[in-house]
Amino acid sequence: MAAANLSPPHLPVPLSFPPNKNPNLSPLFNSQIRNRKPQSQRFTSISYFRSSIPNPKFAIPKSSSLSSSTIAEAANAEFPTVATLRELCQGHVPDHMLRRMEEMGFVTPTEVQQQGLPVLFAGNDCVLHAQTGSGKTLTYLLLVYSVINSQRSAVQALVVVPTRELGMQVTKVARMLAANPTGLGPESHKACTVMALLDGGMLKRHKTWLKADPPTVVVATMASLCQMLEKHILDLGAMRVLVIDESNVVHVYVNPVAPMPSCLHHRYLICHRNQKYEALTSLLQLDLPYSAILFVNEQGFIKLTKSVFYFLKSEKSKKTGDVSTTTQLIDFLKSSSGEFSNIALLEDDMNFNARAASLLEVRERSSYLLVATDIAARGVDLPETTHIYNFDLPKSAVHYLHRAGRTGRKPFSDDKCVVTSIIAPEEHFVLRRFQNELKFCCEEIVL
């Protein structure tokens with residue numbers, strides 16, 4: 001007879017009772033699709049409770065035909081039994097960390113680790129709901145150390161905690177796990193650095209640390225985290241994992257790197273800074289883009305060369321020689337060629353009405369050239385855009401990804417879309433870093 005589901009509608013269905021243990025020890029499993037993730041990824045909630053007094057909320061109703069053996073079989077099909085933590089983590093966590101984990105006494109996985117680690121290693125977001133001492137901290141730390149790159153000097157994982165005391169505990173375990181195991185010299189592996197940004201700490205010392213050599217993992221209370229973010233001291237552009245530890249409930253968010261769309265062709269042109277304007281003009285005349293967006297960094301100021309300054313008609317430019325990058329660019333393009341007379345502008349300093357009017361003007365044209373700051377890199381949908389030009393290199397790989405994402409958006413189109421970056425020789429290594437992080441190839445062009 002088919003098993004009847006008599007659990008309350010707001011509760012997940014209990015999947016199994018661990019064998020040979022207290023029947024009040026019942027793991028619960030519930031999954032649902034998250035719209036913001038690719039279809040292959042799931043947002044999973046894993047709950048695990050243990051109590052000395054039976055809890056009727058989480059018990060199977062007597063009238064239900066679900067037997068403990070049937071439930072255990074269903075759970076084992078979803079989560080096959082693994083004897084050791086090493087078996088669970090093999091192929092995901094570096095071997096020297098597995099050795100260190102075993103030295104610390106972590107050998108047999110708890111129920112939370114048994115069920116949570118396969119979900120996390122598959123690249124899914126996850127909610128772990130269990131009592132204190134069930135192994136949640138080690139679960140998410142193993143996930144953190146499986147995705148971060150210790151050779152890279154950037155904050156790649158953030159753990160947010162509610163109290164200073166919990167933060168100190170998490171930091172201690174994270175540092176112990178990151179240390180080299182016995183018999184392994186410090187030169188064999190670069191240890192991951194862990195910073196504790198906790199209430200009452202010496203934040204001045206942390207500011208120096210963050211600027212000089214950013215840690216790999218940051219454990220922070222909310223107040224200290226907000227303080228660092230408001231002062232633009234903490235850069236989270238390279239973050240791969242976000243953990244929100246609420247003591248009994250832990251939220252883990254994984255940020256896998258998705259490949260760039262295949263319809264995008266990436267190029268770069270190397271030139272000296274004072275030749276960028278002429279290089280841009282040559283590129284536009286070569287490509288003759290139907291619709292393009294020209295990205296510049298916010299509030300930029302460039303000292304003009306005499307040849308470029310000659311083209312600028314603004315009286316303000318003639319007097320000072322220093323104007324915002326967007327104004328310089330538009331004035332130069334309008335003055336150097338009649339082909340670029342109709343140019344739209346979208347930047348942070350514009351008020352809401354001006355931005356709306358600028359976007360409306362662009363959408364009504366059959367073709368357009370839009371000069372914009374990164375405000376246009378998120379949420380602006382212009383499907384006709386075929387070319388992206390980075391007049392200024394983006395601040396991070398994430399900014400590059402969002403700028404590139406403004407093209408190739410036309411449904412059912414086979415149009416070739418191009419992303420071109422104009423860089424100075426000393427910026428070449430930054431672009432290579434973006435390539436490695438976002439996994440795309442970039443072709444050099446010579447004019």
Side-chain angles (χ1 to χ4, degrees), residues 12 15-19 21 25-32 34 37 40-50 72 74-150 156-159 169-170 173-174 176-178 181 192 194 216-217 219 240-256:
L15 287 185
S16 72
F17 292 134
K21 292 186 180 180
L25 195 61
S26 57
L28 308 176
F29 180 78
N30 178 36
S31 301
Q32 65 182 29
R34 292 255 310 182
K37 285 284 190 182
S40 61
Q41 298 194 359
R42 298 162 59 137
F43 185 89
T44 305
S45 172
I46 296 174
S47 301
Y48 185 71
F49 301 92
R50 179 174 185 171
N76 290 334
E78 185 74 31
F79 301 106
T81 302
V82 178
T84 66
L85 263 175
R86 175 178 281 274
E87 291 179 27
L88 265 177
C89 301
Q90 201 75 47
H92 300 284
V93 182
D95 187 67
H96 69 278
M97 284 193 173
L98 294 181
R99 288 173 56 187
R100 179 61 182 156
M101 174 188 71
E102 291 169 338
E103 285 183 2
M104 294 168 63
F106 299 115
V107 178
T108 305
T110 64
E111 286 292 330
V112 167
Q113 292 157 3
Q114 181 85 38
Q115 297 189 17
L117 285 172
V119 173
L120 291 170
F121 287 151
N124 299 308
D125 292 350
C126 187
V127 177
L128 303 173
H129 188 189
Q131 63 186 23
T132 302
S134 57
K136 297 185 301 297
T137 302
L138 182 62
T139 302
Y140 66 70
L141 286 179
L142 287 172
L143 178 276
V144 165
Y145 288 129
S146 73
V147 299
I148 61 178
N149 179 7
S150 60
Q156 300 171 57
L158 173 64
V159 181
Q169 176 183 321
V170 172
V173 176
M176 290 175 64
L177 196 60
C192 296
V194 182
T216 314
V217 180
V219 180
R240 298 293 306 280
V241 181
L242 169 64
V243 179
I244 303 175
D245 192 337
E246 301 180 69
S247 186
N248 283 348
V249 180
V250 176
H251 303 256
V252 186
Y253 301 95
V254 187
N255 180 27

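Only heavy atoms go into these numbers, but all of them, side chains included; no hydrogens, no water, no symmetry mates.
Across every non-hydrogen atom of Arg100 and Leu177, the tightest pair is CG-O, 3.5 Å. Scanning all heavy atoms of the two residues, the minimum distance from Leu120 to Cys126 falls at CD2-CB, 3.5 Å. The nearest pair of heavy atoms linking Val249 to His129 is CG2-CD2, 3.4 Å. Residue Val254 comes nearest to Asp125 through the heavy atom pair N-OD1, 2.8 Å, listed as atom of the first residue, atom of the second, then distance. Across every non-hydrogen atom of Ala178 and Cys192, the tightest pair is CB-O, 3.7 Å.
A salt bridge links Arg86 with Asp95: at least one charged nitrogen is closer than 4.0 Å to a carboxylate oxygen. Glu102 has no carboxylate O lying under 4.0 Å from a charged side-chain N of Arg99, or vice versa, which leaves the two without a salt bridge.
No side-chain heavy atom of Met97 sits under 4.5 Å from any side-chain heavy atom of Leu142. The closest side-chain heavy-atom distance from Met176 to Val173 is not below 4.5 Å. Side-chain atoms of Phe121 and Cys89, non-hydrogen and from C-beta on, do get closer than 4.5 Å to each other. By the 4.5 Å heavy-atom criterion applied to side chains, Thr108 and Thr84 are not counted as neighbours. Here the side chains of Val147 and Gln156 are not in contact, with every heavy-atom distance at 4.5 Å or above. In this structure, the side chains of Thr216 and Val194 stay at 4.5 Å or more apart for every pair of heavy atoms. For the pair Val243 and Tyr253, the minimum side-chain heavy-atom distance is 4.5 Å or more.
Side-chain atoms of Thr139 come within 3.5 Å of backbone N or O of Gly135 as a donor-acceptor pair. Between the side chain of Gln113 and the backbone N or O of Leu85 there is no donor-acceptor pair closer than 3.5 Å. At distances below 3.5 Å, not a single donor-acceptor pair connects side-chain atoms of Tyr140 with backbone N or O atoms of Val159.
Checking each of Thr110, Val250, Val252 against Lys136 for a side chain to side chain contact (heavy atoms under 4.5 Å, CB included) leaves exactly one that passes, namely Val250.
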